[in-house]
2 protein chains.
Amino acid sequence: MARTLADRQDVIPVLAEVFRDHGFEGASLSAITARTGLGKGSLYNFFPGGKAEMAEVVLAHIDGWFRAHVFEPLERTGDGLKAVEAMFQATDAYFRSGQRVCVVGVFALGDARDLFTEQVHGYFAAWVRALAGALVRAGRDPDQAQTQAEEVVAGIQGALVLSRALNDTGVFTRTLARLRRTLADD
Amino acid sequence: MARTLADRQDVIPVLAEVFRDHGFEGASLSAITARTGLGKGSLYNFFPGGKAEMAEVVLAHIDGWFRAHVFEPLERTGDGLKAVEAMFQATDAYFRSGQRVCVVGVFALGDARDLFTEQVHGYFAAWVRALAGALVRAGRDPDQAQTQAEEVVAGIQGALVLSRALNDTGVFTRTLARLRRTLADD
DNA sequence: TACGTTGTGGACCGATTGGTACAATGAAGC
DNA sequence: GCTTCATTGTACCAATCGGTCCACAACGTA
């Protein structure tokens with residue numbers, strides 16, 4: 001029979017979408033096979049640790065994307081407010097204006113949190129910390145920066161839950177607009 | 001052997017906690033049996049429609065609690081700001097200051113949303129609508145009321161996600177305090 | 001061209017799933 | 001006290017789960 005020749009790196013974003021759509025438990029190997037086109041021999045060849053390793057790799061991939069596009073720009077852009085604006089743009093793009101949910105958030109609310117405690121914690125802690133740092137560089141005092149960072153990250157997560165529950169991506173868009181204004185005011 | 005004699009109404013809150021902790025798919029019948037102490041004969045006697053009916057009953061039960069303690073007080077209390085404050089107190093109590101997550105939010109992010117679309121949508125739509133109504137009675141113009149209601153409900157959901165991810169219920173408490181201030185200002 | 005290595009797909013495995021069937025037990029009524 | 005009915009627990013079912021194993025095919029090298 002004709003065979004797929006695949007590359008591990010190419011599989012990871014597809015895997016991410018399966019976990020995003022279905023959660024950790026809902027993402028069965030048959031759902032993964034259907035979406036990736038790869039049989040178990042290939043999947044276990046790329047990910048000898050099985051499904052848990054697939055999820056770990058997906059979390060690391062997402063963490064890497066956010067590190068490159070959100071956390072490090074927040075940490076390194078001199079102009080704090082510019083950094084924050086870039087964060088909003090990257091986040092809006094990543095979540096496709098509310099059309100896709102946050103895998104880490106999905107994992108946080110389920111049994112997967114117990115399996116991937118450090119990755120889930122680390123992702124959110126890094127985001128809050130990086131954003132607080134940018135706000136401090138924008139002139140906020142540290143306590144206020146921490147409070148606003150928490151508000152923004154929680155606000156984004158909540159908007160994703162509500163958007164999906166109400167089937168209305170406008171909720172996400174309006175929330176980002178409001179959070180932008182919140183941070184612009186001083 | 002000794003048998004449990006159970007009442008359907010008593011089982012529902014216990015079922016709710018299983019779905020809250022594990023999500024819809026993660027809540028296997030064996031997990032439900034372990035937590036409720038009931039075998040399948042009893043579970044299927046109470047819930048002939050099986051697991052989907054158990055989840056429906058749980059969602060209806062939660063909806064009923066929120067209707068009684070949150071949505072209707074928001075709709076019926078003449079003093080809009082008093083109603084809002086009561087909502088915050090009830091919500092804080094229900095989520096035990098961030099120690100327990102929102103079943104409906106958990107379902108919203110997973111495959112269960114597709115099974116329980118109307119219940120998930122209805123719960124959040126009712127909450128936003130009731131809160132917006134109270135804010136209008138408190139003197140906000142309707143657009144502002146709607147925006148603030150969305151902000152609060154999304155904020156609560158986001159705080160639950162972040163609290164659980166960071167294993168820090170302080171996030172929830174601080175978020176409620178901030179949302180209270182947001183609504184108190186005019 | 002032949003042989004060895006690597007990657008693939010899917011059959012098969014034991015375990016668990018949601019659900020069904022039914023025997024046993026307890027309660028209620030006569 | 002006996003009979004009937006309701007509730008219970010669990011054996012059993014087919015299906016699916018995550019994972020293992022292996023035959024086969026393709027590719028690379030001598």
Side-chain angles (χ1 to χ4, degrees), chain A residues 1-59 103 106-107 110-116 119, chain B residues 1-59 103 106-107 110-116 119:
Chain A
M1 68 191 113
R3 296 156 60 140
T4 311
L5 262 186
D7 185 56
R8 187 186 199 260
Q9 284 311 112
D10 294 333
V11 172
I12 297 170
V14 186
L15 265 186
E17 296 313 298
V18 182
F19 285 116
R20 190 185 314 275
D21 290 344
H22 299 286
F24 181 72
E25 281 121 356
S28 62
L29 294 184
S30 60
I32 290 169
T33 290
R35 191 84 69 95
T36 59
L38 299 173
K40 289 186 180 138
S42 305
L43 290 171
Y44 280 82
N45 181 37
F46 294 142
F47 309 102
K51 193 179 165 188
E53 184 180 339
M54 295 175 209
E56 279 173 13
V57 163
V58 158
L59 289 173
V103 177
V106 171
F107 280 21
D111 285 327
R113 190 200 63 153
D114 299 329
L115 293 171
F116 307 108
Q119 293 97 324
Chain B
M1 68 184 117
R3 314 156 105 202
T4 313
L5 263 186
D7 185 56
R8 186 186 202 260
Q9 284 311 112
D10 295 334
V11 172
I12 297 171
V14 186
L15 264 187
E17 294 314 297
V18 183
F19 284 115
R20 189 184 315 273
D21 290 344
H22 299 287
F24 181 71
E25 281 121 356
S28 62
L29 293 185
S30 60
I32 289 167
T33 291
R35 192 84 69 95
T36 59
L38 299 173
K40 289 187 182 137
S42 307
L43 289 171
Y44 280 82
N45 181 38
F46 294 143
F47 308 103
K51 192 180 165 188
E53 184 181 338
M54 294 175 210
E56 280 172 11
V57 163
V58 158
L59 289 172
V103 177
V106 171
F107 280 22
D111 285 327
R113 189 201 64 155
D114 299 328
L115 293 172
F116 307 109
Q119 293 95 327

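Note on naming: letters A, B, ... go to the chains in the order of the sequence lines (proteins, then strands), and numbering restarts at 1 for each one. Basis for what follows: all heavy atoms, side chains included, without hydrogens, waters or symmetry-related copies.
Whole-Å rounding puts the A:M54 CE to D:dC17 C1' distance at 13 Å. Atom CG of B:L43 is separated from atom C1' of C:dT17 by 14 Å (rounded to the nearest Å). Atom CG of B:N45 is separated from atom P of D:dC5 by 16 Å (rounded to the nearest Å). Nucleotide D:dG9 holds its P atom 14 Å from the CZ atom of B:F47, rounded to whole Å. Between A:D111 atom CG and C:dT17 atom P there is a gap of 12 Å when expressed in whole angstrom units. The CG atom of B:L29 sits 15 Å away from the C1' atom of D:dC12 (whole-angstrom rounding). Here the P atom of nucleotide C:dT20 and the NZ atom of B:K51 are 14 Å apart, to the nearest Å. Atom pair B:I32:CD1 and C:dG19:C1' shows a separation of 12 Å (rounding to whole Å applied).
Minimum heavy-atom separation, B:D7 to B:F46: C-CZ, 4.1 Å. Nearest heavy atoms, A:A52 versus A:F116: O-CE2, 3.8 Å. The minimum heavy-atom distance linking A:L38 with A:L43 is given by the pair O-CD1, 3.8 Å.
Formation of a donor-acceptor pair under 3.5 Å by the A:K51 side chain with backbone atoms of A:A27 is found in this model.
Residue B:Y44 has its side chain nearest to C:dG18 when only C:dG9, C:dG18, C:dG7 are considered. Candidate nucleotides D:dT20, D:dC17, C:dG19 were compared by shortest atom distance to the side chain of A:S28, and D:dC17 ranks first.
Using a 4.0 Å heavy-atom distance criterion, A:F46 is classed as a sugar-phosphate-only contact. Heavy atoms of B:A27 sit under 4.0 angstrom from primed sugar atoms or phosphate atoms, though from no base atom. Backbone-only contact: A:S30 has heavy atoms under 4.0 Å from sugar-phosphate atoms and none from a base. Counting non-hydrogen atoms under 4.0 angstrom, A:A52 reaches nothing in the nucleic acid. Among the atoms of the strands shown, base atoms are found under 4.0 Å from some heavy atom of A:K40.
Here the side chains of B:M54 and B:L29 are in contact, with some heavy-atom distance below 4.5 Å.
Residue B:S42 places no side-chain N or O under 4.0 Å from the OP1 or OP2 atom of D:dT7.
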Q. Under the side chain to side chain contact (heavy atoms under 4.5 Å, CB included) criterion, do A:R8 and A:F47 qualify, and how do the steps go?
A. CA-CA 9 Å; A:R8 187 186 199 260; A:F47 309 102; 3.5 Å; yes
Restricting both atoms to N or O, compile the protein contacts to nucleotides 13-15 of chain C shorter than 3.5 Å, with distance only.
none

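The aromatic rings of A:F19 and A:F107 lie perpendicular to each other, with more than 60° between the two planes, well past the 30° mark.
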